Structure formats: C-alpha cells, structure tokens
Amino acid sequence: MRGRNLALGAAGLAGFLALGEVVPRLGLVKEAYFPPTSSIAAAFADEVADGAFWTALGDTLTGWALGLAIASCAGIVVGVVISVVPYLREATASTIEFLRPIPSVALIPLAVLLYGTELRSVLLLVVYASFWQVLVQTLYGVQDVDPVADETARSYGLGTWARVRHVLWPSALPYVMTGVRLAAAVALILAITAELVIGAPGLGARIAVAQTSQAVPEMYALVVVTGLLGLLINVGARTVERRALAWHQSVRGEVAV
C-alpha cells in the first residue's frame with residue numbers, strides 16, 4: 001500500500017511538472033509570467049550553485065528554528081502553568097481569545113519600528129504566530145487528562161510537579177507534539193513573509209529581489225525551494241512526532257479497551 005501511494009504521488013508530481021512545461025509552450029499563458037518547468041529547473045540549478053543562495057537559506061532556517069524553539073518552550077511552560085494554577089485558566093481565557101486571532105502580519109509595522117530589518121523582527125512575528133499553536137494544544141492536552149488518574153496520583157501523595165511529570169505530561173504530550181508540528185509550518189510561513197515584506201535577509205528577501213528585477217524563472221525557482229523546505233519540515237516534524245509517541249496507542253496501532 002505504501003509503495004502504491006508513493007508511485008501515485010510520483011505520477012501526480014510528474015504530471016504536474018509536464019503540465020507546467022506544456023502550458024507555456026502552447027501559448028496558453030505568457031512565458032514572461034509563467035515560464036516552463038525546464039526554465040525554472042535551470043534557474044533552480046543556478047541558484048543552488050550560488051553561494052548567496054545558501055547564505056539566504058541559512059538565514060531563513062535560523063529565524064525559523066530560533067522562533068520555533070522559543071515559541072514551543074514558552075507555549076508549553078505557559079500552558080502547563082495556566083492549567084495547574086487554580087483559577088488561572090479562567091482568568092486568562094478572555095485575554096487568550098482576544099490576542100490569539102490577531103494576525104501576525106499586522107505586527108509587521110511594530111516589528112519594523114522596533115528592530116528594522118534585523119533577525120529580531122522575524123523572530124517577533126514567528127514567535128507570536130507559533131506560540132498560540134503550542135499553547136492552545138497544551139491547554140487541550142492538560143484538560144484531557146483522566147481525572148481518575150489525577151485523583152489517584154493525589155491520593156498517593158504526589159506533589160504538583162510530580163503529577164505534572166507522571167500524569168499530566170504523558171497525557172498532554174500527543175497534543176503538544178501536534179501543536180509543535182503545526183507551529184513548525186506556521187513558523188516557516190511567517191519567516192518567509194517577514195523576509196519578503198520587511199526585507200530581512202533570507203529566501204523571502206531573495207524572492208522579492210528576483211521579482212523586482214523581472215527575473216521570473218529565478219523567482220519561481222525560489223518559490224519551489226520554499227515549498228520543498230516546507231515539505232521537508234513537515235516530514236521531519238511527523239517523524240519526530242512518531243518517535244516521541246512510539247509508546248502511544250495511536251502510533252502503535254493499538255485499540256484501547
């Protein structure tokens with residue numbers, strides 16, 4: 001089944017690339033706006049051979065990784081504290097629901113005002129967008145803890161942090177990993193967006209330069225790179241999630257009785 005899915009996926013990709021080659025060649029769209037696949041592939045090869053491309057890729061990955069790490073740690077810690085401290089979740093619910101829907105791109109003027117085009121501008125947007133993904137999933141995970149297990153831990157005299165370690169954390173971990181996986185994708189989107197709009201160093205800034213200089217094949221090649229980067233991040237996040245939850249019934253394929 002897995003081999004069949006891979007074959008079908010490869011066939012679909014090959015068909016899409018062939019369509020991208022044929023449509024401009026037939027004149028259905030102007031090559032100036034949508035170059036053939038072969039032209040994009042040639043531009044992609046030129047980008048890979050350029051040292052500045054790898055510098056830009058490193059800048060993007062740096063902003064993504066730092067922002068994701070900060071957001072994940074903060075989201076987990078804040079989520080656990082809010083869930084454990086009595087009445088704190090009720091007291092912060094309205095604040096969370098007010099702040100969470102604010103689009104991160106709305107903070108771009110603030111980021112530019114505070115940090116200009118530095119890495120810290122990218123981090124501000126990435127952390128803000130990714131933080132809510134992890135926080136909300138952590139809150140849901142702690143809320144889903146079996147009350148019988150929690151009361152049993154209390155009856156055995158386990159303290160607050162012992163219950164967090166042995167009861168709350170194992171129950172909340174599947175939710176936390178889902179939040180981190182979602183945050184990883186959001187962090188990449190915001191990193192590229194920040195670079196594209198603000199002009200911070202990275203792939204987004206390189207795309208903007210290619211667009212303004214009418215280097216259309218190069219622009220599409222860089223867009224393809226960002227897509228491949230997103231795919232690799234998603235696959236990597238899923239792999240980490242499966243390994244971290246190897247003990248969980250959802251990964252082992254067991255059915256709860």
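Counting from 1, the numbers follow the sequence of the chain as shown. What you see is a predicted model, and the numbers here were worked out from it, not measured in a lab. All values below come from the heavy atoms of this structure, side chains included, with hydrogens, waters and symmetry mates left out.
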Review point. Among side-chain atoms of Ser38 and Arg25, is any donor-acceptor pair under 3.5 angstrom?
Key: yes
Check your understanding: Is it true that a side-chain atom of Ser130 and a backbone atom of Val127 form a donor plus acceptor pair closer than 3.5 Å?
Key -> no
**Study point:** Same cluster (ILVMFWY, side-chain, under 4.5 Å), Leu125 and Leu99
**Key:** yes
Check your understanding: How about Phe34 and Tyr220: are their ring centroids closer than 6.0 Å?
Key -> yes
Review point. Is the shortest heavy-atom distance from the side chain of Asp59 to the side chain of Leu119 under 4.5 Å?
Key: no
Exercise for review: Show your reasoning for whether salt bridge (Lys or Arg N to Asp or Glu O under 4.0 Å) applies to Glu47 and Arg206.
Suggested key: CA-CA 11 Å; Glu47 287 290 333; Arg206 198 168 173 86; 2.9 Å; yes
Exercise for review: Assess whether atom CZ of Phe44 is packed by more than 12 heavy atoms of other residues, nucleotides or ligands within 6.0 Å.
Suggested key: no
Point to revise | Within-4.5 Å side-chain heavy-atom neighbours: Leu139 and Tyr175 | key: no
Check your understanding: Hey, does Ile82 have a side-chain heavy atom less than 4.5 Å from the side chain of Val142?
Key -> no
Practice item. Would you kindly say whether Gln143 and Ser83 are connected by a side-chain donor-acceptor distance under 3.5 Å? Key: no
If you look only at distance, which donor and acceptor atoms sit under 3.5 Å apart when one is on a side chain in residues 181-197 and the other is two or more places apart or in another chain?
| unit_1 | atom_1 | unit_2 | atom_2 | d |
| --- | --- | --- | --- | --- |
| Arg181 | NE | Glu241 | OE1 | 2.7 |
| Thr193 | OG1 | Ile189 | O | 2.7 |
| Glu195 | OE1 | Thr60 | OG1 | 2.9 |
| Glu195 | OE1 | Leu203 | N | 3.1 |
| Glu195 | OE1 | Gly204 | N | 3.0 |
| Glu195 | OE2 | Thr60 | OG1 | 3.1 |

Review point. Given side chains that start at C-beta, do those of Tyr128 and Leu107 come closer than 4.5 Å, heavy atoms only?
Key: yes
Review point. Between Leu245 and Leu173, is any pair of side-chain heavy atoms under 4.5 Å apart?
Key: yes
Check your understanding: Is there a donor-acceptor pair closer than 3.5 Å between any side-chain N or O of Thr138 and the backbone N or O of Val134?
Key -> yes
**Study point:** Pairs touching residues 128-141 that satisfy salt bridge (charged side-chain N to carboxylate O under 4.0 Å, His left out), sequence neighbours left out
**Key:** none
Review point. Do the side chain of Thr117 and the main chain of Ala200 share a donor and acceptor less than 3.5 angstrom apart?
Key: no
Practice item. Check whether any side-chain heavy atom of Ile40 sits under 4.5 Å from a side-chain heavy atom of Val223, and report yes or no. Key: no
Check your understanding: How about Val81 and Leu88: do any of their side-chain heavy atoms sit closer than 4.5 Å?
Key -> yes
